[in-house]
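Comments concern the structure below.
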Protein chains: 2
Amino acid sequence: MNKRNATSADVAILAGVSQSTVSRSFDPNSRISKTTRQRVFAAAEQLGYQINKAAQTMIKKRSDLVGLVTAGLEDPFRSEFLHKLIVEVQNSGLRPMVMDVSDKETIDEELHGLIQYQLSGVIITSGTPSENIGKAFIRHAIPVVLVNRTEHSDEADIVNLDNESAGAMAAEAFIKSGKTNLVVVRSKKPSFSSVMRVKGFLNYLAPFLNSEKVRATEVLCEAGNYDSGYQIADKILTSQHKPDGVFFCMDHIACGFLDAAKLFVTAKEMQSIGVIGCDDIALASFKAYDLTTVRQSSTEIAKASVQTLLNRLKSPTSVPSKQAIPAELIYRSTLAKPITN
Amino acid sequence: MNKRNATSADVAILAGVSQSTVSRSFDPNSRISKTTRQRVFAAAEQLGYQINKAAQTMIKKRSDLVGLVTAGLEDPFRSEFLHKLIVEVQNSGLRPMVMDVSDKETIDEELHGLIQYQLSGVIITSGTPSENIGKAFIRHAIPVVLVNRTEHSDEADIVNLDNESAGAMAAEAFIKSGKTNLVVVRSKKPSFSSVMRVKGFLNYLAPFLNSEKVRATEVLCEAGNYDSGYQIADKILTSQHKPDGVFFCMDHIACGFLDAAKLFVTAKEMQSIGVIGCDDIALASFKAYDLTTVRQSSTEIAKASVQTLLNRLKSPTSVPSKQAIPAELIYRSTLAKPITN
DNA sequence: AATAGTTGTGCATACGTATGAACAACAAAA
DNA sequence: TTTTGTTGTTCATACGTATGCACAACTATT
């Protein structure tokens, strides 16, 4: 019952060929006669032969594993994104090895461990690896793709959301709807996405702030989650300058805000206050929120990230690429689409 | 720059010892003099030596990878659970290799591919592998842990939620609250969890159905998601026997129902209709829903699953285990806790 | 002092695959 | 016929680690 796994040598014997012929039979680019290949496949089938990836990795000096580095998975957007990445990696014939580096001070050390696996590549979606660690991967010839990170590595490929224009789109939507008293909310702890979104938001508004009666205030909440949005509603809705438009850098902060808003403001009044979120997580489309939001398609980012990695594997020496995935405004009920534009 | 990775042989030369001594230095159970070990560590440090997992796997005939098999990640409970699993696997010193088998007819074939990786184990959380595939893993001496699956394998370890008692707890809560006209909702497509939850629910009620004026109806919705709950609300709330207690086999169906309920029933009337969900996903605790639910602690299930795998690795020949993780009723506002019990 | 046991190290080999080099058989060109 | 080229196969080796065996240097026991 517990018989040893069949090896290519076993298959070779059964098929009456050499081990190298077996190996080559599984390589489409090798010169193998049709009949021999068939004989080998038959023998492999009969023995239930499965290639030994460890041995293969040793020879090729490259496994088919891709490291997916993330920090924390409570954030629904990150979670959704990781799933998309997993699927994309799998579809490309590689295998995702996930690594969670949340609340680790020792990210570098953790990441270093990945070198042991002869990875085909690493996609870093969060955490703040040091410059050194990136170089360590490069030195070991392991391609690195940075997704939505501040690091401006000259050696890694970079895929970013177009956070700045996402913020600008929200601002533009408010202006077109005639909103004049605006608030933008982000988590106290600065993340790359949030900071850039706020920047884009305020930059778009800059010309209006002087010439017209538009005001824009930045408000910080505790963290990037539902509860923080719930807590911050009080402050925003009871201020002397009650806003008529609020942009949240993350959808779930917006959702928390919307739930809490009912405590301070009537449903009718709430209709006059425009709310825009960012990301378009699944929750945003739930009827309870029906949140107007700036969508960052996690699917597209995931596809772009994996494709970038594959390109790099094909041409290891090409110049590092840098691309931004465009955002898209999704109108729902928390800010109606203006009749004309 | 592109210098070859340092190997144990390189370290050996630098430290002035043999390669075997280097290897043994990294094994805590080997007899190595303190001074030698220090010298080896210093040399390893200096060269940036990282062990080659592929070579190690080849010798040990076992990698430190654990296959996590899931089907689809849209379902928040599955998603949460996968994350917990990832963390637990990582904490145990192993590496999670995730595999999504959603909408694949070819689960068997996909799973078969995992054998190539000399996995330390496989944790199957969804999908329906055939009997054969399980046996294939066993034959290759790869431990399998089945989580919340119907399969009654005699060879794999099994970790189940205690779905039946979860359903019973919901029923008990309704009875204690004096509810008499009950409905239980599950997805049309039968899943192991749902079926067992309904079973537990109805079994608990059985004695009441005749002797007292209690009725219980099973209702099927389209799928196990928010939208299905939203759609089914109409049917439930406009039936001639409008229920005063509804149990949903999944929280997000309940959430969809709650949002749609506002269209058919006043908020005041809704207060008299008890609603209980199941799982206690993050959404359930959001203020918009504040859903009373039967919690199945994903953390505990994840811990138990990984622990089960570790136990199996320690004693490969012990009898397959089977355990059920208890459920817990979380009272929130959709069904208030009875004053006394 | 002789024997037995313990500790620390090196030698040699196995693990299963991929691949460059060599070569045989045969076909095509001269 | 000789030369050149093509096709299909085998041989031999490398990849980097773990580990059984042998053995030397000590230590403890008799």
Side-chain angles (χ1 to χ4, degrees), chain A residues 2-41 43-44 47-65 113 115-120 140-141, chain B residues 2-41 43-44 47-65 113 115-120 140-141:
Chain A
N2 239 334
K3 55 187 170 189
R4 192 172 112 285
N5 288 3
T7 72
S8 57
D10 299 330
V11 175
I13 292 172
L14 181 58
V17 297
S18 73
Q19 180 270 327
S20 16
T21 298
V22 174
S23 176
R24 283 191 234 270
S25 294
F26 288 98
D27 174 2
N29 301 322
S30 270
R31 310 180 308 199
I32 291 284
S33 73
K34 226 174 180 179
T35 60
T36 304
R37 183 168 265 143
Q38 284 176 346
R39 207 141 35 92
V40 169
F41 283 177
L47 294 177
Y49 169 67
Q50 294 280 352
I51 198 176
N52 183 320
K53 291 283 184 184
Q56 189 178 56
T57 298
M58 197 144 88
I59 288 291
K60 295 201 167 182
K61 298 183 177 305
R62 179 123 307 173
S63 72
D64 52 7
L65 295 174
I115 293 179
Q116 306 174 333
Y117 293 87
Q118 324 279 90
L119 300 176
S120 274
H140 289 262
Chain B
N2 239 334
K3 56 187 170 188
R4 195 172 109 286
N5 287 4
T7 72
S8 57
D10 299 330
V11 175
I13 292 172
L14 182 58
V17 296
S18 72
Q19 181 269 328
S20 16
T21 298
V22 173
S23 177
R24 280 191 243 267
S25 295
F26 287 99
D27 174 3
N29 301 322
S30 270
R31 312 179 306 198
I32 291 285
S33 73
K34 227 175 179 177
T35 60
T36 303
R37 182 169 266 143
Q38 283 174 348
R39 206 143 35 93
V40 169
F41 282 177
L47 295 177
Y49 169 68
Q50 293 281 351
I51 197 177
N52 183 320
K53 290 283 185 185
Q56 188 179 56
T57 298
M58 199 146 86
I59 288 291
K60 295 200 165 183
K61 299 185 177 302
R62 179 123 305 173
S63 72
D64 52 6
L65 295 174
I115 293 179
Q116 306 174 332
Y117 294 88
Q118 323 280 91
L119 301 176
S120 274
H140 289 261

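Every value quoted in this text rests on a predicted model; they were computed, and no experiment measured them. Letters go in sequence order (proteins before strands), and every chain restarts at 1.
Between B/T36 and the phosphate of C/dT9, there is a side-chain N or O to OP1/OP2 separation shorter than 4.0 Å. Between A/S8 and C/dG16 there is no side-chain N or O to OP1 or OP2 distance below 4.0 Å. Contact annotation: B/T7 does not reach the phosphate of D/dG16 (side-chain N/O to OP1 or OP2, under 4.0 Å). Taking only side-chain nitrogens and oxygens, A/S33 comes nearer than 4.0 Å to OP1 or OP2 of D/dT9. Look at B/Q56 and you won't find any side-chain N or O under 4.0 angstrom from OP1 or OP2 of D/dG16. For D/dT9, neither phosphate oxygen OP1 nor OP2 lies less than 4.0 angstrom from any side-chain nitrogen or oxygen of A/T21.
With contacts defined as side-chain heavy-atom distances shorter than 4.5 Å, the pair A/N5/A/N52 does not qualify.
Judged by closest nucleotide on DNA chain D, A/R37 is the one of A/Q19 and A/R37 placed further toward the 5' end.
Summarising the geometry, the separation between CD on A/Q116 and P on D/dG16 is reported as 15 Å, rounded to the nearest angstrom. Summarising the geometry, the separation between CD1 on A/I51 and C1' on C/dT17 is reported as 7 Å, rounded to the nearest angstrom. Summarising the geometry, the separation between CG on B/D27 and P on C/dT9 is reported as 14 Å, rounded to the nearest angstrom. The separation between B/R62 atom CZ and C/dC15 atom P is 17 Å, rounded to whole Å. The CD atom of B/Q50 sits 15 Å away from the C1' atom of D/dT17 (whole-angstrom rounding). Between the NZ atom of A/K53 and the C1' atom of D/dC15 there is a distance of 17 Å, rounded to whole Å. One can place CD of A/Q118 at 14 Å from C1' of C/dT17, the figure rounded to the nearest angstrom. A straight line from CD of B/Q38 to P of C/dG8 spans 13 Å, rounded to a whole angstrom.
Counting only heavy atoms from C-beta on, B/K61 has its side chain closest to C/dC15 among D/dC11, C/dC11, C/dC15. Out of D/dT9, C/dC15, C/dT17, the shortest distance to the side chain of A/I32 is found at D/dT9. Of the candidate nucleotides C/dC15, C/dC11, D/dT10, C/dC15 has the atom nearest to the side chain of B/I59. Of the candidate nucleotides D/dT17, C/dG16, D/dA18, D/dT17 has the atom nearest to the side chain of B/Y49. Minimum atom distance to the side chain of A/S23 is reached by C/dT19, of the listed D/dT17, D/dT9, C/dT19. Side-chain proximity of A/M58 to C/dC11, D/dC15, C/dG8: nearest is D/dC15. Considering only the side chain of A/K60, C/dA18 comes nearest among D/dG16, C/dA18, C/dC15.
Atom CD1 of A/I115 and atom NZ of B/K53 lie 13.0 Å apart (nearest 0.5 Å).
A/S20 contributes a side-chain N or O that forms a donor-acceptor pair with the base of D/dC11 under 3.5 Å. Put simply, the side chain of A/R31 and the base of D/dG5 share no donor and acceptor less than 3.5 Å apart. Under 3.5 Å, the side chain of A/R24 and the base of D/dT10 form at least one donor-acceptor pair of N or O atoms.
Residue B/V22 is classed as having no contact, given no heavy-atom separation below 4.0 Å to the nucleic acid.
Between the A/T36 side chain and the A/I32 main chain, no donor and acceptor come within less than 3.5 Å of each other.
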